[in-house]
Amino acid sequence: MARTREFDMDQVLTQAMGVFWKHGYAATSMADIYAATGLKPGSLYAAFTDKETLFRRCFEVYAGHFRGTLPRDRDGLDAIAAWLELQVRLASEDPERKGCLIVNTIAERDQHSEATKALATGRLQEIRDFFTRHLAIAKAKGALAPTLSGEIEADALTGAVVAIMALGRAGADSQMIAHVAASAVARLAISNQTIKNNN
């Protein structure tokens, strides 16, 4: 007969995620996880098998939170600007300056299995896909020059998000973090203004 689990799985994953997010995968010991969750080794290993599997489950929880930050009430340039503004706030207003678990995981890629690396790369691709989608919408609305490369701009915007989160984790000045986003939005605004001037 299967043993009834005596803990809240969602709560444990959230608690463990917080530890991995703050300290990084390599610097987090199982003792840290036991202390954060209040669970004993037997219970954790029975539920998750090993540290890497537990991390992946936590990473998936984080990815769900990340998707929830994507704008759903606007599109095109408005969506891009709003999401970058949100990322600046998340990076600079977090008192613990944890950064982004996706970016942190990519930075620690040598510590992870191929399966975990694939998860992190997939989430980075989701960020790029968000920008690609809304750049295409902006172009269709005539808000961007037809000659502007959506591929190049999507890469540049993804790089801006990585920079914002890395600077946040590094404890950079909030103004510096904001400038990264402002520069990325300004590039698109110039294209938009050029179209208006030519009409």
Side-chain angles (χ1 to χ4, degrees), residues 1-73 82-84 86-133 158-172 177:
M1 181 175 178
R3 182 178 177 182
T4 303
R5 187 171 289 141
E6 298 176 352
F7 59 86
D8 184 313
M9 178 68 78
D10 292 338
Q11 182 181 29
V12 166
L13 288 173
T14 298
Q15 291 166 333
M17 179 185 72
V19 180
F20 283 128
W21 190 3
K22 181 177 181 179
H23 299 294
Y25 177 80
T28 296
S29 68
M30 289 307 294
D32 295 328
I33 299 297
Y34 305 147
T37 62
L39 293 181
K40 296 188 181 301
S43 296
L44 270 173
Y45 280 103
F48 303 107
T49 308
D50 54 32
K51 177 182 171 182
E52 182 85 16
T53 301
L54 171 61
F55 178 82
R56 284 202 296 273
R57 293 287 300 277
C58 292
F59 187 92
E60 289 167 352
V61 171
Y62 181 89
H65 295 325
F66 148 73
R67 293 186 188 101
T69 70
L70 296 173
R72 302 184 186 280
D73 59 345
W83 197 61
L84 285 175
L86 174 61
Q87 297 314 305
V88 169
R89 291 204 307 272
L90 292 174
S92 59
E93 295 178 4
D94 175 9
E96 295 182 306
R97 290 302 189 99
K98 298 185 296 295
C100 168
L101 189 59
I102 297 169
V103 175
N104 298 350
T105 302
I106 290 170
E108 276 195 304
R109 66 188 317 276
D110 290 344
Q111 302 293 327
H112 291 291
S113 67
E114 292 303 318
T116 303
K117 291 177 189 177
L119 275 180
T121 301
R123 300 301 71 74
L124 190 64
Q125 183 62 47
E126 279 191 60
I127 294 173
R128 188 182 186 281
D129 289 345
F130 164 79
F131 288 128
T132 299
R133 182 167 63 256
T158 302
V161 171
V162 171
I164 286 167
M165 289 306 175
L167 287 169
R169 187 165 178 82
I177 297 171

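- The list of salt bridge (charged side-chain N to carboxylate O under 4.0 Å, His left out) pairs with a residue in residues 14-42, not counting sequence neighbours, reads Lys22-Glu96.
- We find the CZ-CG distance between Phe48 and Leu39 to be 8.0 Å, quoted to the nearest 0.5 Å.
- Nearest heavy-atom pair, Leu167 versus Arg97, reported as atom, atom and distance to 0.1 Å: O-NH1, 4.0 Å.
- Residues satisfying the side chain to side chain contact (heavy atoms under 4.5 Å, CB included) criterion with Ala36, sequence neighbours excluded, are Val19.
- By the salt bridge (Lys or Arg N to Asp or Glu O under 4.0 Å) test, Asp94 pairs with Lys98, sequence neighbours left out.
- In this structure, Ser92 and Ile177 approach most closely via the heavy-atom pair CB-CD1, 4.1 Å.
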Requested in this report: Check the pair Thr105 / Phe55 against side-chain contact (heavy atoms from CB on, under 4.5 Å), numbers first and verdict last.
Outcome: CA-CA 10 Å; Thr105 302; Phe55 178 82; 3.3 Å; yes
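- With sequence neighbours excluded, no residue satisfies salt bridge (Lys or Arg N to Asp or Glu O under 4.0 Å) with Arg109.
- With sequence neighbours excluded, the residues forming a side chain to side chain donor-acceptor pair (under 3.5 Å) with Trp83 are Thr69, listed by chain and number.
- Separating the CG atom in Leu86 from the CZ atom in Arg89 is a distance of 5.0 Å, to the nearest 0.5 Å.
- Every residue meeting the side chain to side chain contact (heavy atoms under 4.5 Å, CB included) condition with Val162, not counting sequence neighbours, appears here in chain and number order: Val103, Leu124.
- Within the 4.5 Å cutoff, no side-chain heavy atoms of Phe130 are placed close to those of Thr158.
- The shortest side-chain heavy-atom distance between Leu101 and Phe66 does not fall under the 4.5 Å cut-off.
- Applying the side chain to side chain contact (heavy atoms under 4.5 Å, CB included) rule to Tyr34 yields the partners Met30, Pro41, Leu44, Tyr45; only residues at least two apart in sequence or on another chain are considered.
- Scanning for ring-ring contact (aromatic ring centres under 6.0 Å, His included) contacts around Phe59 gives an empty result, with sequence neighbours left out.
- With sequence neighbours excluded, the residues that form a side chain to side chain contact (heavy atoms under 4.5 Å, CB included) with Glu108 are Tyr25, Ala26, Gln111, His112.
- Screening residues 113-126 for salt bridge (charged side-chain N to carboxylate O under 4.0 Å, His left out) gives Arg67-Glu126, Glu114-Lys117, Arg123-Glu126 as the qualifying pairs, with residues at least two apart or on separate chains.
- The side-chain heavy atoms of Leu119 and Ile102, taken from C-beta on, include no pair separated by under 4.5 Å.
- Here the OG1-CE distance, from Thr28 to Met17, works out to 12.5 Å after rounding to the nearest 0.5 Å.
- With sequence neighbours excluded, the residues that form a side chain to side chain donor-acceptor pair (under 3.5 Å) with Ser113 are Glu52, Arg56, Thr116.
- Separation of atoms CE (Met165) and CG (Leu90) is listed at 5.0 Å; rounding is to 0.5 Å.
- Nearest heavy-atom pair across Arg169 and Gly24 is NH2-N, 3.9 Å.
- Contact between Tyr62 and Gly99 at its shortest, heavy atoms only, is OH-O, 4.4 Å.
- Scanning both residues, Leu84 and Phe131, for their nearest heavy atoms gives CD2-CZ, 4.1 Å.
- With sequence neighbours excluded, no residue forms a side chain to side chain donor-acceptor pair (under 3.5 Å) with Lys51.
- We find the CG-OG1 distance between Asp8 and Thr37 to be 12.0 Å, quoted to the nearest 0.5 Å.
- The two atoms that bring Ala120 and Ile106 nearest to each other are CB-CG1, 3.8 Å, heavy atoms only.
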